[in-house]
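Inspection log for the structure reproduced underneath, given as structure tokens.
Each ligand, and each atom within it, is numbered from 1 in the order the structure gives. If you read the sequence from its start, that first residue is 1, and numbering goes on from there.
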Amino acid sequence: MKKLHRIAQALVLTSCASAALAQAQTATQAVTPTPVHPELWPAAKSPSDFIDPKVEARITKLLKAMSLREKVGQMIQADTAAIKPEDLRDYPLGSILAGGNSPPLGAPDRSPAKPWVDTVRAFEKVAMEKRAGHTAIPLIVGIDAVHGNSNVVGATLFPHNSGLGAMHDPELMREIGRVTAAETAASGIHWAFGPTLAVPQDDRWGRAYEGYSENPAIVAAYAGPMVEGLQGKPGSKTTVQQGRVAASVKHFLGDGGTTDGIDQGDTQVDEKTLIAIHDAGYPAAVDAGTMTVMASFSSWNGVKMHGNKALLTDVLKGRMGFDGFVVGDWNGHGQIPGCTNTDCPATFNAGLDMAMAPDSWKGLFDSTLAAAQDGRIPMSRIDDAVRRILRVKFKLGLFDKARPFENKPQEMGSSEHRAIARQAVRESLVLLKNEGVLPLKTSATVMVAGEAADDIGRQSGGWTLSWQGDGNTNADFPGATSIYAGIADALKAGGGKAVLSPDGSFTTKPDVAVVVFGEEPYAELRGDVRTLEFQPGDKKALALLKKLKAAGIPTVSVFLSGRPLWVNPELNQSDAFVAAWFPGSEGEGVADVLVGGKTDFTGKLSFSWPITAAQFRLNKGDKDYDPLFPLGYGLTYAKGGHVAALGEEPGIDASMSNSSVFIADGIVAKPFNLETAPGVKQRLVDSADRQEGAIRFDWSGAGSANILGPNLKLEREANADMNVEVTYRLDKAASGPVTLSLGSGKVRIDKVLAQPGQWSKLRISLKCFANHGTYMGGIARPFSLEASAPFAISVSDMKLATDPAGAVCPE
Ligand code: BGC
Ligand code: BGC
């Protein structure tokens, strides 16, 4: 009976699929750019010492000495994972970056400062070689030091920006910038890809946590101090020799305003709104002397920012008087219509000075050189770009060989630095509810429960040692403390004790339980959600809270998340509830406020908290603003406040949230469904690890099995090299071609399937589908598996995956 039900559920048909298909296949049409009126924008100016006549004269001399190849090289940045130092002899590039998953040379991705210092030196050595016909120009090397020098083992990790917004403390931001710079410079790196000045308007956006606030005023107040913290104040020494690094305010412009909170999407607002909300932080950042600005992947009213001349050139460099350079985002130029990752004069003509071409640098170099030679990029534009880049290199002291900070490993995670991070943790905590259970008595016996109780990776979030922040263990964080460890320490001092019990089991009943749970780490793409419901599927944390309540144990929830989420059921089961964001490496900061009561809460929400899971775009100033907790909310011990029982209807269909899992354990995951042609039979069979955990498809003749569902947009996923992963067993080898289509792109798979009878994984990269004709901007009919002759296959799982191992691209 159950079996029948599952198949019937899978068979629901979607009638409008073919109409939607036709619509999705109309490729991107040229969009008329929204007119820009630079005079409407706030004026700003790079500081007066930004342009030093003596330095400019040296740049003029260098420009005369440099060949066109060398000039073009300055404008291109490659990734450590895709270039070797010796490549710089043939391709004299100006910059190197280390992407989130890109290791230093010859060392693991998770490495301490030393291998990074060695890596930078190895590249620098080739760049600075004395060779005939070579103008030696130092490299500028960048990394995502976005919450501390967060890609390097041993660094002090600060709360992510959504937490920092809750502090309302611009002066502490300056200190955070200073510490981040010192630890970045101590790793040999010259440039932090931050701060993010996004003003996230839709909390479904997976990068919402990279923004300080939904409120432009908070972003504006933080931008200047953070830039000055990283770089030093204008007029002071802003060099790597002083432990400073270049900032890169990002992503210019409108990254936080995309429709439906889709990463790299389209921000559809008028010019006035773009200025008032999304530009809020940039004038202050330019005034503070930011040396670089990173262009956004996103579009404004249909025009990709990497190609928007009016905004990059007329507004940013013109009206806002920005004299540093504009860097692109990860192959962001390749998304401009008419461009590819390896060919894009349009982006330079629009005002980009340096393209981030991680793996595409060689092709982009060749095509850009050709475009420079035949005048498609005017020489004046090239000279302007190179001048800006060299100016920054001079400002940073890169022409000076001395690198004293590289000999200061003691800068990494020093106790002085950690104390600042710990203060930031204290100040960022927001008390949402407290029915008298907090502060914890120092003499109490406290159970510390929840999956994330003793997990520094979980409390640090994305952009931590790895791109998405996954795969980390406590051993990867020398010198850091988990939330459990911090609580244990604080209680020891007062005669109480902490008992770690992630699953909430106990032999002796504790006085109270602190339950640490929340979102798992995520970064771009993976962090995008479709509703704000926390744990729409399993409600694991809720079950744990209920279990503790049932045992008569008062509960304190410490919620780790990048953004406000709908947690009404969890709030109801908590006697106290603390929004702790992603606090980073200093778990002790949580205990400082929770235990003893000497330190009160001061954090106030910098994002509005939703009352239903459907309040995606909930921002102060909305016409019908009706949050659960408004912007600026936060209880204290001194004042308190009562939170009544909350409604538990999420206000949304939970299945809406899924966009990357199509089949899981033989069940077609909602909101998708399966349709098979009459010639194709299906039934449930056992998978490798589960009874009836797979669907077996049998072809007796020609036909297809289709997965239908909502329109999918997979541009970002394709750009990030994600793939379609199918877990399958071949049951009967094909007697003719078998194809798998994603939208209109079709690949032949019969030759790449494993031998019959064994469970295997097939991975086909999204880029492969794109090369076969899939239009990633709108896929109305997700998948179609077709055969024309007898064939049988069982499928247990089908999803989008990031692990590229063994991915194939058949003909
Ligand atoms: C992100 C940037 C980041 C860059 C380098 C991009 O995908 O959008 O914020 O700085 O990668 O890792
Ligand atoms: C890199 C990130 C980058 C992302 C862009 C990843 O592979 O490690 O640094 O931001 O790709 O999609």
Side-chain angles (χ1 to χ4, degrees), residues 76-83 95-104 109 116 140-152 160-161 180 184 189-198 200 205-212 226 230 245-256 258 261-265 267 281 285 290-299 304-306 325-335 341 347 352 354-361 461-469 522-528 562 715-722 802:
I76 291 172
Q77 180 185 56
D79 181 90
T80 53
I83 189 166
S95 179
I96 302 287
L97 91 143
N101 285 336
S102 309
D109 183 29
W116 288 104
I140 179 167
V141 180
I143 201 163
D144 288 288
V146 294
H147 61 131
N149 187 17
S150 47
N151 206 14
V152 175
H160 268 296
N161 289 347
T180 302
T184 304
I189 299 166
H190 323 125
W191 184 10
F193 296 138
T196 298
L197 299 182
W205 186 36
R207 306 191 75 162
Y209 71 81
E210 296 187 51
Y212 297 120
M226 185 61 185
L230 287 166
V245 297
S248 186
V249 289
K250 71 187 189 185
H251 307 83
F252 187 83
L253 186 68
D255 51 353
T258 59
I262 288 183
D263 192 39
Q264 305 182 9
T267 295
T290 190
M291 294 191 210
T292 78
V293 174
M294 188 184 290
S296 183
F297 273 127
S298 57
S299 306
K304 281 280 167 192
M305 276 306 306
H306 277 65
F325 71 85
V326 179
V327 64
D329 204 342
W330 191 273
N331 280 329
H333 55 273
Q335 296 187 19
N341 291 352
T347 196
L352 203 86
M354 180 189 284
M356 189 183 287
D359 50 351
S360 49
W361 54 271
W463 296 110
T464 302
L465 303 184
S466 64
W467 177 33
Q468 298 283 336
Y522 55 83
E524 302 160 79
L525 314 165
R526 197 168 86 186
D528 286 7
E715 290 146 312
R716 317 159 288 146
E717 288 81 353
N719 190 40
D721 284 327
M722 290 177 76
T802 45

Distance-only N or O hit between ligand 1 and E524, under 3.5 Å: yes

E210 and ligand 1 - part of the residue with a heavy-atom distance under 4.0 Å: neither

Residue selection (non-hydrogen contact nearest atom 2 (C) of ligand 1) among N331, T196, D329: D329

Parallel, tilted or perpendicular: ring planes of F325 versus W191, cut at 30 and 60 degrees: perpendicular

Check: W463 N/O within less than 3.5 Å of ligand 1 N/O: no

Subset of ligand 1 atoms that lie under 4.0 Å from at least one heavy atom of W330: 6 (C), 7 (O), 11 (O)

W467, portion touching ligand 1 at heavy-atom distance under 4.0 Å: neither

Ligand-residue contact atoms, ligand 1 with K250, heavy atoms, under 4.0 Å: 2 (C), 3 (C), 9 (O), 10 (O)

Min heavy-atom dist L97 to ligand 1 below 4.0 Å: yes

M294 near ligand 1 by a heavy-atom separation under 4.0 Å: yes

Side-chain heavy atoms of F252 within contact of V326, under 4.5 Å: no

Stepwise side chain to side chain contact (heavy atoms under 4.5 Å, CB included) check, R207 with W463: CA-CA 11 Å; R207 306 191 75 162; W463 296 110; 3.7 Å; yes

L230 vs T180, side chain to side chain contact (heavy atoms under 4.5 Å, CB included): CA-CA, chis, key distance, verdict: CA-CA 7 Å; L230 287 166; T180 302; 4.0 Å; yes

Ligand-residue contact atoms, ligand 1 with H251, heavy atoms, under 4.0 Å: 2 (C), 8 (O), 9 (O)

Polar contact flag, side-chain donor to acceptor under 3.5 angstrom, N331-S360: yes

Evaluation steps, side chain to side chain contact (heavy atoms under 4.5 Å, CB included), between V245 and I189: CA-CA 8 Å; V245 297; I189 299 166; over 6 Å; no

Those atoms of ligand 1 less than 4.0 Å from some heavy atom in F193: 10 (O)

Point-to-point distance, once rounded to the nearest 0.5 Å, from CG of D255 to CG of D263: 8.5 Å

Ring centre gap for H333 and H306 strictly below 6.0 Å: no

